[in-house]
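Right, one structure below, let's go through it.
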Amino acid sequence: MNFQNTLDFAKGLDDADPLKEFRKKFFIPQHNGSDCVYFTGNSLGLQAKNTKEYIQQELDDWASLGVEGHFQAKNPWMPYHEIFSKKLSKIVGCKEEEVVVMNQLTVNLHLLMVSFYRPTKERYKIICEAKAFPSDQYAFESQVKFHGLVPEKTIIEVAPRKGEHTLRTEDILSVINEHGDSVALVLFGGVNYYTGQLFDMKAITKAAHAVGAFAGFDLAHAAGNVELHLHDWDVDFACWCSYKYLNSGPGGVAGAYIHSKHIGNKEIPRFAGWWGYKKDTRFKMEKGFEPIPTAEGWQLSNAPVLSMAAHKAALDIVEEAGMSSLHEKRKLLAGYLHFILNEINKKQNNEVLEIITPDNEMERGCQVSILMLQRGREVFETLTKQGVVADWREPNVIRVAPVPLYNSFEDIFRFGKIINSILN
Ligand SMILES: *Cc1c(COP(=O)(O)O)cnc(C)c1O
């Protein structure tokens with residue numbers, strides 16, 4: 001498409017947008033009486049207006065039914081988590097029995113590493129991206145130490161080449177091959193939180209399997225953002241949070257995926273709890289753990305229903321919009337944002353900024369990470385004062401993520417206009 005940097009053009013794109021009505025389903029934070037340009041859906045997605053009603057339903061049932069709500073609530077609490085299997089299978093691309101909603105992201109990462117990181121004397125390394133999200137780094141490091149190993153010799157980080165910001169797939173694959181038989185686990189983000197780079201999960205999984213290792217992904221920045229086909233890509237496991245692109249509220253309940261070839265395998269070690277126990281005999285309360293032969297077999301505790309109600313409210317909206325329409329709009333939004341930023345930069349002799357997120361739409365999601373070559377902090381602070389909610393990462397990166405459910409093309413135009421006015 002031939003984009004133009006004008007308000008009329010942006011409004012024209014909004015008028016033609018089949019998802020334009022969805023913005024009205026969300027509370028948009030306000031600045032001086034008008035809508036903020038909210039570009040941090042990659043950090044905390046906005047609240048859907050139906051959220052209160054969904055949570056209220058559970059509060060009302062709790063008030064009127066007490067413990068009986070486990071069976072008699074409008075949405076019985078006992079099997080509450082089961083409603084997510086279908087919804088999430090469409091978002092992450094898997095079978096319904098391969099996905100479960102439970103805990104929070106870092107907890108799930110640990111639980112899945114208990115199952116899929118089982119180092120031996122010969123095969124013990126973890127291959128990951130350099131500058132993974134800190135919580136993931138701490139999880140890797142503490143798991144390695146838990147097994148009595150030394151992180152420096154065990155965790156192999158793949159870094160960008162000198163002068164580059166993102167990873168080349170060929171480099172990731174060659175590091176996996178190079179370490180070959182010593183690799184126990186290849187564990188990457190789906191989309192890197194800092195650069196916004198979308199990794200080639202299919203190729204990484206294939207390379208991990210070729211050397212006999214498991215492949216897992218942290219999809220915090222990918223779930224609800226980019227196209228995923230976890231089952232078809234043969235990914236062994238994955239986990240994600242629900243409060244970024246899935247709009248389910250701060251600290252919301254998280255998700256986990258385990259490939260169907262593993263879910264029935266009782267021999268896979270795991271940290272167990274009663275909610276992972278076979279449903280028909282769970283309440284016999286007997287000794288000896290018998291896992292449910294689905295991803296639910298990894299559950300520990302009973303469902304946090306209030307948090308799940310918010311998740312359900314948000315996912316009902318995703319379902320109504322449909323993932324394929326969301327992907328289409330997402331690509332157009334990111335494309336327009338790249339265009340606007342490049343226009344601004346050209347006017348300034350390409351001296352003010354560098355987009356470090358890949359240009360290729362197959363290698364990115366919503367997020368665009370802008371490395372400010374000068375006046376970064378000043379630009380960021382002025383944007384904030386003028387009602388743009390973006391995110392600053394040291395030393396010099398502004399991250400923005402226009403999301404298809406509630407951002408508009410006009411948001412992007414306004415963002416560009418403010419940057420332009422700061423620089424001139
Ligand atoms: C946001 C994010 C987290 C946060 O973890 P929580 O356990 O939800 O606090 C972890 N890893 C990645 C890659 C993230 O982007």
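All ligand and atom numbering here is 1-based and tracks the order in the structure. All values derive from a computational prediction rather than experimental measurement.
The closest side-chain donor-acceptor pair between Ser260 and Glu98 falls under 3.5 angstrom.
Dense packing is recorded around CH2 of Trp392, with more than 12 heavy atoms of other residues, nucleotides or ligands lying under 6.0 Å away. No more than 12 heavy atoms of other residues, nucleotides or ligands lie within 6.0 Å of NZ in Lys86, so this atom counts as exposed by the packing criterion.
Using cut-offs of 30° and 60° on the angle between ring planes, the pair Phe214 and Phe116 is perpendicular.
Under the 6.0 Å cut-off for aromatic ring centres, Tyr257 and Trp298 do not qualify, their centroids lying 6.0 Å or more apart. For His147 and Tyr117, the distance between ring centers is under 6.0 angstrom.
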Anything under 3.5 Å between an N or O on ligand 1 and a protein N or O? List each pair with its distance, or write none.
from     : atom 1 : to     : atom 2 : distance (Å)
ligand 1 : 5 (O)  : Thr106 : OG1    : 3.3
ligand 1 : 7 (O)  : Thr106 : N      : 2.9
ligand 1 : 7 (O)  : Thr106 : OG1    : 2.6
ligand 1 : 8 (O)  : Tyr243 : OH     : 2.6
ligand 1 : 11 (N) : Asp136 : OD1    : 2.7
ligand 1 : 11 (N) : Asp218 : OD2    : 3.2
ligand 1 : 15 (O) : His221 : NE2    : 3.1
ligand 1 : 15 (O) : Lys244 : NZ     : 2.5

